[in-house]
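Working notes for the structure below.
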Amino acid sequence: MSGTTVQTSVSTLHKDLGLPTDEHAGSEPTPNGLSMVVFSGDLDKVLAAMIIANGAAAMDLPVSVFFTFWGLNILRKGGPIHVQGKKTTTEKMFGSMMPRGPEHLHISKMNMAGLGTRMIKKEMAKKHVMSLAQLIASAQEQGVRFIACTMSMDLMGIHKEELIDGITYANVGTFIDAADKSRMTLFI
Amino acid sequence: MSGTTVQTSVSTLHKDLGLPTDEHAGSEPTPNGLSMVVFSGDLDKVLAAMIIANGAAAMDLPVSVFFTFWGLNILRKGGPIHVQGKKTTTEKMFGSMMPRGPEHLHISKMNMAGLGTRMIKKEMAKKHVMSLAQLIASAQEQGVRFIACTMSMDLMGIHKEELIDGITYANVGTFIDAADKSRMTLFI
Amino acid sequence: MSGTTVQTSVSTLHKDLGLPTDEHAGSEPTPNGLSMVVFSGDLDKVLAAMIIANGAAAMDLPVSVFFTFWGLNILRKGGPIHVQGKKTTTEKMFGSMMPRGPEHLHISKMNMAGLGTRMIKKEMAKKHVMSLAQLIASAQEQGVRFIACTMSMDLMGIHKEELIDGITYANVGTFIDAADKSRMTLFI
């Protein structure tokens, strides 16, 4: 922020003094906002990620979330989806063993065969904490950019039609580019 | 840093030249220091977090640590605490199942029913590495700001009187605000 | 970046106007590049770390990776190594129980007694994703700085001759110093 303002002052000053304005400097913005990798597919970690993303977006910061590895499961639609092109046996197995969407994640500790997860969800509802599905919708509404890692999709055999709408498909370079323009970077 | 210095130069220059000084620019400091989320309650991860926090504080950097989810357990006092107001059955269960303070955490790998944790602690003592409790005390003495996530406290039914002294109570916005002013951000 | 350019403009301006140039400001570089802690020894997390490191290096950004705790295992040479100086029984036990190098790591989820790990590796080879060992070699070739945490080495009884060549040995201060000069910081 201060850099931009300084740049403006200097530009104005240059103009006032009839000196050439440095056009290049304005094109490199001061880092701003939040970029995060969501690698985990654990309910508790993803909840934390989405609460941070929504909070930053509510504070008018640009937010990019890069979903990779187990994190991709958060973007999956519920139920088996008919895909174009064949899946290999391994890909089918990955697809059926991994959780399909936010409703099917488990917490990373005290899951106790699903009991802990059910208890946490019940407490969240009772205490008016938004569910993961609601947090995801809210983030998208607030303009948080969701990026699905295409390399992970290829590795796990996940097709575009299996993921929710309104997301971008890109590789790690896109995350690094966003992170390099962000003040805050997190790996979750 | 360089931004601030530039600002000073520009301000001085503006005064030298009798041009208006941009008062606003100076009020937005260059990002500095470290902000971290401690989400994990695993002994090994929290040790790493506290070693980084102490190191940064020793290098005179401002440090904020936001304890959320399982990370809250690090701030719990040992033993059951009598709290004002009733706890629900679920809250009591969470309270009794989760570790009460730094002495009761386990390592995330090779715990082997507590044996691995005991061995690591023994090695730490033998090799004069500070214990987690000592690292926490040292961080607080060095001015590291500890923030307990009030949303997690509410969710898990943890009351203020159950947590150690000298900490701040706030929500995710406070973390984002601190992180947005920090050069380094970590999620642990 | 913009800060540096602004500084240049101001310096030029100061010279144009015959005002003193602020020498100090130029000596504090604008944060740039990526610094990450690799704490985890899980194959999937370390793969993500190395893909990000290689990507950032390919984009000509300076990258530092600080390997600590379980992350140290990635730097271990395969097979038992004869070390100078004796190891204690505990150190020998740690050494034999922890994985020796990138070929011996397991994924953090769906490992299924090694079956999941073998399946992921097979899919990676089939889909021409570089193996972890190849990613490590590529990162080193691209000039990524690998730092082994000496405090963790001491704690776990790992000796320098047990780790791969071309790495730096340092403590957390070196990481913080690198991170404080980096735009992106991650804990993996």
Side-chain angles (χ1 to χ4, degrees), chain A residues 2-11 13-14 17 19-22 24-31 35-37 39-42 66 68-71 88 90-91 93-94 97-98 108 149 151-152 154-157 171-188, chain C residues 1-10 12-13 16-17 30-40 42-45 47-59 61 63 107-110 112 115-116 118-120 122-124 126-130 179 182-188:
Chain A
S2 115
T4 310
T5 318
V6 172
Q7 186 53 43
T8 312
S9 312
V10 174
S11 299
L13 198 61
H14 274 229
L17 297 172
L19 300 175
T21 306
D22 188 334
H24 176 69
S27 68
E28 283 224 28
T30 306
S35 292
M36 62 169 87
V37 176
F39 168 94
S40 170
D42 295 326
F66 186 72
T68 188
F69 281 77
W70 315 110
T88 66
T90 306
E91 288 173 353
M93 219 191 78
F94 281 148
M97 289 185 65
M98 295 187 306
S108 63
C149 171
M151 189 204 210
S152 298
D154 184 41
L155 189 62
M156 294 173 164
N171 245 323
V172 72
T174 300
F175 166 71
I176 295 166
D177 196 55
D180 192 38
K181 292 188 183 74
S182 299
R183 193 117 79 202
M184 298 176 271
T185 53
L186 301 173
F187 183 98
I188 297 183
Chain C
M1 297 294 189
S2 113
T4 311
T5 318
V6 173
Q7 186 53 42
T8 312
S9 313
V10 175
T12 312
L13 198 61
D16 287 350
L17 297 172
T30 307
N32 190 17
L34 166 67
S35 291
M36 61 168 89
V37 176
V38 174
F39 168 93
S40 171
D42 295 326
L43 178 60
D44 43 359
K45 287 194 190 165
L47 278 171
M50 285 301 110
I51 288 167
I52 296 171
N54 273 283
M59 288 161 83
L61 297 167
V63 182
I107 54 176
S108 62
K109 303 267 164 184
M110 302 206 324
M112 303 176 289
L115 177 64
R118 279 199 301 280
M119 281 175 66
I120 286 274
K122 221 170 143 186
E123 288 298 295
M124 285 173 67
K126 203 171 135 190
K127 289 165 181 174
H128 309 291
V129 177
M130 285 167 96
S182 298
R183 194 119 77 202
M184 297 176 270
T185 53
L186 301 173
F187 183 96
I188 297 182

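Contact tally against chain A (heavy-atom pairs below 4.5 Å) for C/Lys127, C/Met59, C/Lys122: the top residue is C/Lys127. Each of A/Leu186, A/Asp180, A/Thr68 has some count of heavy-atom pairs under 4.5 Å with chain C, and the biggest count is that of A/Asp180. Per-residue heavy-atom pair counts under 4.5 Å with chain C were compared for A/Met151, A/Met184, A/Met156, and the maximum is reached by A/Met151.
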Candidate pair C/Met119 and A/Phe94, rule side chain to side chain contact (heavy atoms under 4.5 Å, CB included), full reasoning: CA-CA 10 Å; C/Met119 281 175 66; A/Phe94 281 148; 4.3 Å; yes

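Residue contact with chain C, scored on non-hydrogen atoms closer than 4.5 Å, involves the side chain of A/Asp42 exclusively. With a 4.5 Å cut-off on non-hydrogen atoms, C/Met124 touches chain A through its backbone and its side chain both. Of the atoms belonging to C/Lys126, it is side-chain heavy atoms, and not backbone ones, that fall under 4.5 Å from chain A. If you measure heavy-atom distances from A/Met36 to chain C, you find no contacts under 4.5 Å at all. There is no contact between C/Leu34 and chain A, counting heavy-atom distances below 4.5 Å. Of the two parts of A/Met93, only the side chain, counted from C-beta on, holds a non-hydrogen atom closer than 4.5 Å to a non-hydrogen atom of chain C. If you measure heavy-atom distances from A/Thr88 to chain C, the contacts under 4.5 Å come from the side chain alone. With a 4.5 Å cut-off on non-hydrogen atoms, C/Ser108 touches chain A through its side chain but not through its backbone. Both the backbone and the side chain of A/Ile176 come within contact range of chain C, judged by heavy atoms closer than 4.5 Å.
The minimum heavy-atom distance linking A/Pro31 with C/Arg183 is given by the pair CG-CD, 3.2 Å.
Inter-residue side-chain proximity for C/Glu123 and A/Thr90 is flagged as met; some heavy-atom pair is nearer than 4.5 Å. The side-chain heavy atoms of C/Lys109 and A/Met98, taken from C-beta on, include no pair separated by under 4.5 Å. In this structure the side chain of A/Val37 never reaches within 4.5 angstrom of the side chain of C/Ile188, judged on heavy atoms.
Atom CZ of residue A/Phe39 and atom CG of residue C/Leu47 lie 8.0 Å apart, to the nearest 0.5 angstrom.
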